[in-house]
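Each remark here refers to the structure printed beneath this line.
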Amino acid sequence: MTTGLANSSTAARRQEGLFRLGRKWRKATLITHIISAGSWIGIDVIVAVLVLTGRFGTTDEVRGLAYQALATFVVWPMLISALVCLTTGVILGLGTRWGLLRYWWVAIKLALNLTLCVLILVALQPGMDEVGEYGRSLGTGASEPRAVSDLFYPPAVSLTTLTIATVLAVAKPWGRIRRARKGGGPR
Ligand code: HEM
């Protein structure tokens, strides 16, 4: 009898997550999570606009300014949004019944978020000095360097990935990663 009660409370705890977020904290964390995801998407749109302006802008001055703005203002706000999204997502996962590696939709979002953070640091940030330098030298008739030709990929990859993550968050598809134990899962 006592063992049964202990077992069911252990099972319930396992379903709830590592710790339990109270209602207010859960709402506050979810709001921060959604705002950070929205900011991240917005920054990606700005990156896309700056990259397109840098490539197809009407004058060299406009193109140069677009590249300079890209190099100066974009990467750190993007990384901060990504890290806030990651942190709040992890807190929501651990503090609720969703868990981190319990449901496919959460685990996949975790992998996507981590991958994008690494890409920002490894693939985007290191080239920014060169992009800024090119922006400054555009007015002096500098030739098209290789560094800016593949700038289309970051916003394209990131916007596609974040759209997939948003769809996963809302649709919550595919259920649990492991089969529910006897007694059924939380959904
Ligand atoms: C990749 C970028 C991400 C985007 C765009 C994103 C987007 C969203 C959105 C829009 C919601 C609200 C869904 C709803 O209330 O119906 C949500 C909820 C949630 N997200 Fe994310 N998310 C991202 C990353 C993550 C990560 C990395 C984790 C954890 C590993 C995570 C875990 C969660 C959880 C557990 C919820 C549900 C919270 C609840 O219902 O209390 N998310 N996400």
Side-chain angles (χ1 to χ4, degrees), residues 13-54 66-132 135 150-177 186-187:
R13 186 169 284 281
R14 213 182 276 128
Q15 308 248 336
E16 279 168 10
L18 196 66
F19 58 92
R20 204 184 140 81
L21 275 176
R23 258 184 72 189
K24 280 185 184 166
W25 281 108
R26 181 178 178 168
K27 275 189 183 168
T29 313
L30 183 58
I31 288 168
T32 313
H33 185 63
I34 294 171
I35 288 175
S36 61
S39 314
W40 190 359
I41 292 170
I43 292 168
D44 272 338
V45 171
I46 292 173
V47 171
V49 170
L50 289 175
V51 168
L52 288 172
T53 308
Y67 283 131
Q68 285 178 68
L70 187 62
T72 312
F73 300 118
V74 165
V75 174
W76 295 112
M78 184 193 282
L79 185 63
I80 289 167
S81 305
L83 291 175
V84 172
C85 189
L86 178 66
T87 309
T88 49
V90 168
I91 293 171
L92 284 169
L94 293 177
T96 66
R97 69 198 171 119
W98 297 117
L100 268 194
L101 300 174
R102 192 176 296 157
Y103 285 87
W104 284 110
W105 68 272
V106 182
I108 293 172
K109 283 203 314 169
L110 178 60
L112 294 178
N113 203 148
L114 282 170
T115 306
L116 287 179
C117 285
V118 171
L119 284 177
I120 291 170
L121 282 171
V122 171
L124 188 63
Q125 204 279 329
M128 282 298 118
D129 283 349
E130 205 176 336
V131 172
D150 47 13
L151 278 174
F152 291 104
Y153 294 110
V157 169
S158 190
L159 279 171
T160 306
T161 307
L162 291 176
T163 303
I164 292 170
T166 306
V167 172
L168 288 177
V170 175
K172 301 179 175 52
W174 306 315
R176 293 183 75 115
I177 291 176
R187 295 194 81 192

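Computation of the quantities below employed the complete heavy-atom set of this structure, encompassing side-chain atoms and omitting hydrogens, waters and symmetry-equivalent molecules.
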Closest non-hydrogen atom pair between V90 and L100, with its separation:
CA-CD2, 3.9 Å

Hey, mind stepping through L124 and L119 against side chain to side chain contact (heavy atoms under 4.5 Å, CB included) and telling me if it holds?
CA-CA 7 Å; L124 188 63; L119 284 177; over 6 Å; no

Ignoring hydrogens, what is the shortest heavy-atom contact between V122 and P126? Give both atom names and the distance.
O-CG, 3.3 Å

What donor-acceptor contacts under 3.5 angstrom involve side-chain atoms of residues 69-81, with partners at least two apart or in another chain?
{"residue": "T72", "atom": "OG1", "partner": "Q68", "partner atom": "O", "Å": "2.6"}
{"residue": "S81", "atom": "OG", "partner": "P77", "partner atom": "O", "Å": "2.9"}

From N113 CG over to L83 CG, what is the distance, rounded to the nearest 0.5 angstrom?
8.0 Å

Once side-chain hydrogen bond (donor to acceptor under 3.5 Å, both in side chains) is applied, what residue pairs with a partner in residues 118-128 remain, sequence neighbours excluded?
none

Interatomic distance, CG@L116 vs SG@C85, rounded to 0.5 Å, equals 9.5 Å

On a heavy-atom basis, the closest approach of P173 and W105 is CD-CB, 3.8 Å

Would you compute the distance between atom CD1 of I91 and atom CG of L86 and round it to the nearest 0.5 angstrom?
10.0 Å

Side chain to side chain contact (heavy atoms under 4.5 Å, CB included) between V84 and W40, intermediate numbers included
CA-CA 10 Å; V84 172; W40 190 359; over 6 Å; no

Evaluate the side-chain proximity of Y153 to V51: yes if any heavy-atom separation is below 4.5 Å, no if none is.
no

What heavy-atom pair brings T96 and L92 nearest, and what distance separates the two atoms?
OG1-O, 2.6 Å

Taking only residues two or more places apart in sequence, or in another chain, which ones meet I34 in a side-chain contact (heavy atoms from CB on, under 4.5 Å)?
L30

List in chain and number order the residues that pass side-chain contact (heavy atoms from CB on, under 4.5 Å) with A107, two or more places apart in sequence or in another chain; answer none if no residue qualifies.
L101, I177

Any side-chain heavy atom of V49 sitting closer than 4.5 Å to one from T53?
yes

Closest approach of Y103 to R97 (non-hydrogen atoms, all atoms of both residues):
CE1-O, 3.9 Å

Which pairs, with at least one residue in residues 25-37 and sequence neighbours excluded, count as a side-chain hydrogen bond (donor to acceptor under 3.5 Å, both in side chains)?
H33-T88

Kindly write out the residues that satisfy side-chain contact (heavy atoms from CB on, under 4.5 Å) with L52, not counting sequence neighbours, or none if the list is empty.
F56, F152

So OG1 of T161 and CG of L168: to nearest 0.5 Å the spacing works out to 11.0 Å

Report the distance from atom CH2 of W104 to atom NZ of K109, rounding to the nearest 0.5 Å.
16.0 Å

For the CG atom of L159 and the CG atom of D44, what is their distance to the nearest 0.5 Å?
4.5 Å

